[in-house]
Amino acid sequence: MATADLLIVIAGIILKRMNYYYFRGSFLGINSVCSVITVLVRAAIDCSVWFTVTFTFDRFVAICCQKLKIKYCTEKTAAVVLATTCILLCLKNIPFYFVYQPVLIISNVLWECYLKPSYFTEPGWVGFSWFVKFLTLLLPFTLILLLNALTVRHILLTSQVRKGLRGQSKGENHSDPEMESRRKSVILLFTISGSFILLWLVRVIDFIYYKIAGKVPDSLNDSEFIFREVGFMLRALSCCTNTFIYGMTQSKFREQVKSAVKYPVTSIIQLMNKQNN
């Protein structure tokens with residue numbers, strides 16, 4: 001999740017947004033390069049969204065499905081699920097390379113990327129657009145809300161049962177390592193899922209209004225344009241939060257980051273020691 005979010009920051013904000021506003025005329029503005037960056041941005045966004053969904057499902061299984069947990073909640077399963085999800089989402093976004101047309105032709109070089117008018121009118125592209133929005137916005141929202149609701153329901157029921165069995169319903173106060181572990185897991189789950197839902201909410205509202213009103217980008221008024229840009233800004237912010245959440249809450253994540261930072265230095269030192277010996 002952190003890697004996907006970092007790719008969005010690099011491709012979506014640095015290579016695309018900052019280039020558009022501050023470095024117009026660089027090689028990043030060439031039509032083919034711009035189209036590739038757009039595909040990378042969309043693929044990274046999809047991965048970030050669906051990695052959040054898979055994380056939510058993983059926590060749901062770990063908390064609510066004890067029998068399935070033994071088989072599903074393993075490093076091998078996580079690697080297979082993430083790799084499969086990433087590959088499928090990258091393949092899904094390849095058609096976006098062909099929906100952009102150049103704005104300028106300078107010295108036989110095609111510059112800038114602009115959506116073809118056929119993208120909004122041809123049935124095939126319209127259907128593809130609906131499929132993309134459903135897969136990236138509506139379905140993840142629904143799944144995350146549903147899984148979180150089921151998780152909360154299970155935790156409340158389990159807590160009542162465990163309190164009764166441990167005598168806490170009679171006023172006794174005993175520590176419960178199992179419930180403490182679940183509490184930490186739920187806090188992380190709701191922090192990530194809640195952050196995702198809140199920061200993507202404007203984009204979902206914008207999408208619903210956009211489809212109901214039948215608007216196209218060129219027909220938006222000032223307030224609608226500002227609302228849409230705020231949605232894009234919050235979406236970009238959403239892609240920055242997971243890394244910080246992990247850094248603040250997960251000691252293992254911090255250890256892995258430290259190891260990644262130290263690895264180049266230790267490798268150079270080991271190489272120098274070998275050469276000296």
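All values below were derived from every heavy atom in this structure, side-chain atoms included, with hydrogens, water molecules and symmetry-related copies excluded. Here, residue 1 is the first one in the sequence, and each next residue gets the next number.
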Task: 4.5 Å side-chain heavy-atom contact, Leu110 and Ser32 - done: no
Task: Lys262, NZ: over 12 other non-hydrogen atoms inside 6.0 angstrom - done: no
- [ ] Give a yes or no on whether Leu91 and Tyr97 share a hydrophobic cluster (residues Ile, Leu, Val, Met, Phe, Trp, Tyr; joining criterion: side-chain heavy atoms under 4.5 Å apart).
- [x] yes
Open item on the list: Quick check: do Leu7 and Leu40 have side-chain heavy atoms less than 4.5 Å from each other?
Closed with: no
TODO: Say whether, by atom type as modelled, one donor and one acceptor occur between the side chain of Ser129 and the main chain of Trp125 under 3.5 angstrom.
DONE: no
Open item on the list: For a quick test of reading the model, state the closest non-hydrogen atom pair linking Ser35 to Cys113 and the distance between them.
Closed with: N-SG, 3.5 Å
Task: OG1 on Thr52 to CH2 on Trp200, rounded to 0.5 Å - done: 9.0 Å
Open item on the list: With a 4.5 Å cut-off on side-chain heavy-atom distances among I, L, V, M, F, W and Y, is there a chain of contacts connecting Val204 to Leu147?
Closed with: no
TODO: State yes or no: do Phe27 and Val109 share one hydrophobic cluster built from I, L, V, M, F, W and Y residues joined by side-chain heavy-atom distances below 4.5 Å, directly or via other members?
DONE: yes
Open item on the list: Please check this pair: side chain of Asn31 against backbone of Glu112, looking for a donor-acceptor N/O pair closer than 3.5 Å.
Closed with: yes
TODO: Can you measure from CG (Asn19) to SG (Cys34) and round to the nearest 0.5 angstrom?
DONE: 8.0 Å
- [ ] For the residue pair Leu82 and Phe51, establish whether any side-chain heavy-atom pair is separated by less than 4.5 Å.
- [x] yes
Open item on the list: Could you measure the distance from the CD atom of Glu229 to the CD1 atom of Ile226? Nearest 0.5 Å is fine.
Closed with: 9.5 Å
Task: cation_pi(Arg17, Phe232) dist<6.0 Å, angle<=45 - done: yes
Open item on the list: Please tell me whether Leu88 and Phe131 are part of a single hydrophobic cluster in this structure, the criterion being side-chain heavy atoms less than 4.5 Å apart.
Closed with: no
Open item on the list: Is there a path of hydrophobic side-chain contacts, each under 4.5 Å between heavy atoms of I/L/V/M/F/W/Y residues, joining Val152 to Leu150?
Closed with: no
- [ ] Check whether any side-chain heavy atom of Arg203 lies under 4.5 Å from a side-chain heavy atom of Val230, and answer yes or no.
- [x] no
- [ ] Take Leu143 and Thr56 through the side-chain contact (heavy atoms from CB on, under 4.5 Å) test and state the conclusion after the steps.
- [x] CA-CA 9 Å; Leu143 289 176; Thr56 306; over 6 Å; no
Task: Contact check, side chains of Thr54 and Asp58, non-hydrogen atoms, under 4.5 Å - done: no
Task: Nearest heavy-atom neighbours spanning Leu15 and Leu28 - done: O-CD1, 3.8 Å
- [ ] Say whether, by atom type as modelled, one donor and one acceptor occur between the side chain of Asn273 and the main chain of Ile269 under 3.5 angstrom.
- [x] yes
- [ ] Return yes if some donor-acceptor pair links the side-chain N/O of Ser48 with the main-chain N/O of Ala44 below 3.5 Å, else return no.
- [x] no
Task: Non-hydrogen side-chain atoms of Leu199 and Arg235 separated by less than 4.5 Å - done: no
Open item on the list: Please report whether the ring centroid of Phe128 lies less than 6.0 Å from that of Phe96.
Closed with: yes
Open item on the list: Could you check, using the six-membered ring where one of them is a Trp, whether Phe55 and Phe60 have ring centers closer than 6.0 angstrom?
Closed with: no
- [ ] Apply the test ring pair (Phe, Tyr, Trp, His ring centres under 6.0 Å) to residues Tyr72 and Phe57: give CA-CA distance (whole Å), side-chain angles for both, the deciding distance (0.1 Å), then the verdict.
- [x] CA-CA 11 Å; Tyr72 181 80; Phe57 180 75; 5.4 Å; yes
- [ ] Please examine the side chains of Val126 and Glu122, heavy atoms only from C-beta on, and report whether any two atoms are closer than 4.5 Å.
- [x] no
TODO: Test side-chain contact (heavy atoms from CB on, under 4.5 Å) on Val61 and Cys73 and set out the steps.
DONE: CA-CA 8 Å; Val61 172; Cys73 296; 4.0 Å; yes
Open item on the list: I need the Ile14 CD1 to Ile8 CD1 distance, nearest 0.5 Å.
Closed with: 12.5 Å
Task: Euclidean distance, Lys71 NZ relative to Thr77 OG1, rounded to 0.5 Å - done: 11.0 Å
TODO: State the CD-CG distance between Gln101 and Leu115, to the nearest 0.5 angstrom.
DONE: 8.5 Å
TODO: Determine the minimum heavy-atom distance between Pro95 and Lys92, stating which atoms define it.
DONE: CD-O, 3.2 Å
Task: Check: Asn148 side chain, Ile144 main-chain N or O, donor-acceptor pair, under 3.5 Å - done: yes
- [ ] Could you tell me whether the side chain of Thr266 and the main chain of Tyr263 form a donor-acceptor pair under 3.5 Å?
- [x] yes
TODO: Mark yes when over 12 heavy atoms from residues, nucleotides or ligands other than Ile70 sit less than 6.0 Å from its CD1; otherwise mark no.
DONE: no
- [ ] Would you check if the side chain of Lys116 reaches a backbone N or O of Phe98 as a donor-acceptor pair within less than 3.5 Å?
- [x] yes
TODO: Could you tell me whether a side-chain N or O of Ser26 sits under 3.5 Å from a main-chain N or O of Phe23, the two making a donor and an acceptor?
DONE: yes
Open item on the list: Taking the side chain as everything from C-beta on, heavy atoms only, tell me whether His154 gets closer than 4.5 Å to Ile63.
Closed with: yes
Open item on the list: If you compare all heavy atoms of Pro140 against all heavy atoms of Val53, which two are closest, and at what distance to 0.1 Å?
Closed with: CB-CG2, 3.8 Å
TODO: Look only at the side chain of Trp50 and the backbone of Leu135, and say whether a donor-acceptor pair between them is shorter than 3.5 Å.
DONE: yes
